[in-house]
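Protein chains get the first letters and strands the later ones, always in sequence-line order, with residue 1 at the start of each. Just so it is clear, the structure is predicted and the values come from calculations on it, not from any experiment.
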Amino acid sequence: AQSVTQLDSHVSVSEGTPVLLRCNYSSSYSPSLFWYVQHPNKGLQLLLKYTSAATLVKGINGFEAEFKKSETSFHLTKPSAHMSDAAEYFCVVTTFGDYKLSFGAGTTVTVRA
Amino acid sequence: EAGVAQSPRYKIIEKRQSVAFWCNPISGHATLYWYQQILGQGPKLLIQFQNNGVVDDSQLPKDRFSAERLKGVDSTLKIQPAKLEDSAVYLCASSLEGAELFFGSGTQLSVL
């Protein structure tokens with residue numbers, strides 16, 4: 001079985017400050033992990049993915065995430081938030097060969113001017 | 001390349017009515033998913049197809065929901081009869097080898 005826990009339901013940051021979205025996972029085997037972003041009234045877009053290569057993964061729009069097996073974490077960060085980063089973010093886990101994805105409950109990010 | 005197409009974009013119906021959603025995945029993508037996303041929650045998998053066969057429908061309320069993927073390409077999801085708690089966004093996604101999913105914009109369903 002696999003599951004994802006997003007530790008914060010809501011994160012509020014000021015524009016230009018760092019963003020940290022926390023995600024812990026559980027998986028019986030080697031996981032693949034993803035972060036998706038969903039802007040209001042839009043579909044989900046892939047930000048980045050980890051599939052057993054480099055543990056530090058760089059994605060689009062300046063986001064990156066680090067896979068830490070010892071901590072079963074896959075936290076998403078961005079050094080400087082932009083107003084356009086305001087959205088819902090989902091951490092997702094799947095097991096290789098399983099093709100079944102488990103979504104976290106989501107973290108809503110608001111960016112203050 | 002063209003993305004995942006879904007229609008309609010919005011749908012408003014009364015409870016006990018029927019509704020159908022359509023999805024056309026990215027060309028060549030063998031795996032197709034239907035997700036239900038209730039406001040404030042993460043997407044929940046309803047059904048997963050591999051080509052035209054069902055891989056997982058364990059969370060599909062089969063007494064009222066049905067889905068098919070004829071010829072392994074586009075797919076329809078039907079609700080009959082609808083309940084108030086079916087109000088949600090219905091997302092279709094496809095993937096080439098079961099890794100990265102590409103999502104459509106979704107169909108927002110309101111059941112009154």
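Hydrophobic clustering, with ILVMFWY side chains joined whenever heavy atoms are under 4.5 angstrom apart, groups A:V4 together with A:F67. If you chain together hydrophobic residues whose side chains sit under 4.5 Å apart, A:Y36 and A:L33 never meet in one group. Side-chain heavy atoms closer than 4.5 Å link hydrophobic residues (I, L, V, M, F, W, Y) into clusters, and following such links, even through other members, never connects B:L32 to B:V4.
Considering CG of A:L101 and CG of B:L101, their distance stands at 5.0 Å, rounded to 0.5 Å. Here the straight-line distance linking atom CD of B:E100 with atom OG1 of A:T94 works out to 13.0 Å at 0.5 Å rounding. If you take CZ on B:F103 and CG on A:L46, they are separated by 9.5 Å, rounding to the nearest 0.5 Å.
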Sequence neighbours left out, cut at 3.5 Å: what donor-acceptor pairs do the side chains of residues 103-113 of chain A make with other protein atoms?
residue	atom	partner	partner atom	Å
A:T107	OG1	A:Q6	NE2	3.2
A:T107	OG1	A:D8	O	2.5
A:T108	OG1	A:E88	OE1	2.5
A:T110	OG1	A:H10	NE2	3.4
A:T110	OG1	A:S12	OG	3.3
A:R112	NH1	A:S12	O	3.4
A:R112	NH1	A:S12	OG	2.5
A:R112	NH2	A:S14	OG	2.9

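When the shell of 6.0 Å around CD of B:Q17 is examined, it contains more than 12 heavy atoms from other residues, nucleotides or ligands. Open room surrounds NZ on B:K11; 12 or fewer heavy atoms of other groups in view lie less than 6.0 Å from it. The number of heavy-atom neighbours closer than 6.0 Å to CG of A:L20, taken from other residues, nucleotides and ligands shown, is above 12. Within 6.0 Å of atom NZ in B:K62, more than 12 heavy atoms from other residues, nucleotides or ligands are found, so the atom counts as buried in its surroundings.
Contact annotation for B:L91: only side-chain heavy atoms (C-beta onward) come within less than 4.5 Å of a heavy atom of chain A.
Using a 4.5 Å cut-off between non-hydrogen atoms, the part of residues 35-43 of chain B that approaches chain A consists of B:Y35, B:Q37, B:G40, B:Q41, B:G42, B:P43.
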